[in-house]
Amino acid sequence: AAEAPRDAGRATPPQAERDRLIERGRFADALAVQTGVVQAAPRGERAAEEAILAGLHYEIGRERLEKNDRAVAVSHLKEALRAQPDFVPAALLLGEAHLQAGEPREALRVWERIADGPQPALPVLARIEQLHRAEGRPTRMISLYQNTLARQPDNLALAFGLGRVYFELAMLDEAAEQFQKMEVRAPELPLIHAYLGAILERRGRFRDAMEEYRRALKQSDRIEWPHRCAACGAAHSRWVDRCPACRRWNTSRP
C-alpha cells in the first residue's frame, strides 16, 4: 500500500492559512481563502470574518491604487464597503480615488455616508472639511461638525474639530468658548491649550498665550488627536487604518 502523507488527518484550518498569507503580505491569496471562510462561518461569527474580508479588499485596493490601477482598486474598495459599510480606511481611499479621477462629488458622497454613520471618523470629517474649504463654503465646514456633534454630544474629538474650524475661520469668540468648555472636561489634553494659546496670541495677550503654550508643551508634543484600538485597547498617537498591536483593521477610535 502507498505510504500515507505525513500530514494526513491534520489539515491546516483555513483561518491559520489565511493568517500566514496576511503576515506575508499575500493579500490576494488570503482573500481567496477568506471568501470561503466567510461563506462557511456560523451566523454568530460572520461579522468578525466579514471584517477581515473587508480588510483584505482594502489592502488589495490600496496596492492597486499605488500602481495606478484605479479600476481594480475602486472595485476592491467598494467590495470592502459592501462587506463592512462603516469600514473607514476603504471609504477614505475610495474617496481619494474619486478625487484623482476628477470626481469630487463622488468623493464627497462616499465620505458623507461614513460621516453619517454611528462612528464618524476624524480623518473622514477632515477630508469633507477640506473639500468645503477648497470650494469656499465655510458655513458647511461649521455645520459638518455641529451636526455630527449633535448626535454625539459627549465626543471630545468632535468638539475639538468644531473649535478648530471656528479658529481657522477667525471666529475667535466661538473658538475660545468651545475650547474653554472642553478644558473643563479634559484639562490634560495639550491640543486644547495650544489652541487657547493661539487665540490669546491673536488677541494680543502674549503673556497669557505663552502660559497656555507652556502647558501644552509640558503635557505632550502631540499635534494629532490620540486614538485607541476598540479591539485590544492599544493606544495610538493618531488614527491608523490597522492596529499595530492586534493587526485588526478599522478599530482606531478617538
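Because only heavy atoms are used, hydrogens play no part in the values below, and waters and symmetry mates are left out as well, while side chains stay in.
Proximity of the aromatic rings of F179 and F167 is defined here by a centroid distance below 6.0 angstrom, and this criterion is not met.
Between E49 and R43, none of the side-chain N atoms (NZ, or NE/NH1/NH2) sits under 4.0 Å from a carboxylate O, so this pair counts as no salt bridge. Ion pairing between R105 and E135 holds under the 4.0 Å rule for side-chain N and carboxylate O. In this structure, R164 pairs ionically with E129, as a charged nitrogen and a carboxylate oxygen lie closer than 4.0 Å. A salt bridge between E63 and K67 is absent, with no side-chain N of the basic residue lying under 4.0 Å from a carboxylate O of the acidic one. At a threshold of 4.0 Å, the pair D173-R203 counts as salt-bridged, since one of the basic side-chain nitrogens sits closer than that to a carboxylate oxygen. Taking the charged nitrogens against the carboxylate oxygens, R214 and E211 do have a contact shorter than 4.0 Å, which makes a salt bridge. A salt bridge does not link E23 to R20: none of the charged side-chain nitrogens sits closer than 4.0 Å to a carboxylate oxygen.
Taking the six-membered ring for Trp and thresholds of 30 and 60 degrees, F27 and W249 have ring planes more than 60 degrees apart, a perpendicular arrangement.
Defined by atom type and a distance below 3.5 Å, a donor-acceptor pair is missing between the side-chain atoms of E79 and H57.
Expressed to the nearest 0.5 Å, how far CG of N147 lies from CG of L162 amounts to 10.5 Å. With rounding to the nearest 0.5 angstrom, the CG atom of D86 is 5.5 Å from the CG atom of N250.
Side-chain atoms of R215 do not come within 3.5 Å of backbone N or O of H193 as any donor-acceptor pair. Between the R70 side chain and the A97 main chain, a donor and an acceptor come within less than 3.5 Å of each other. Side chain of R205 to backbone of I199: no donor-acceptor contact under 3.5 angstrom is found.
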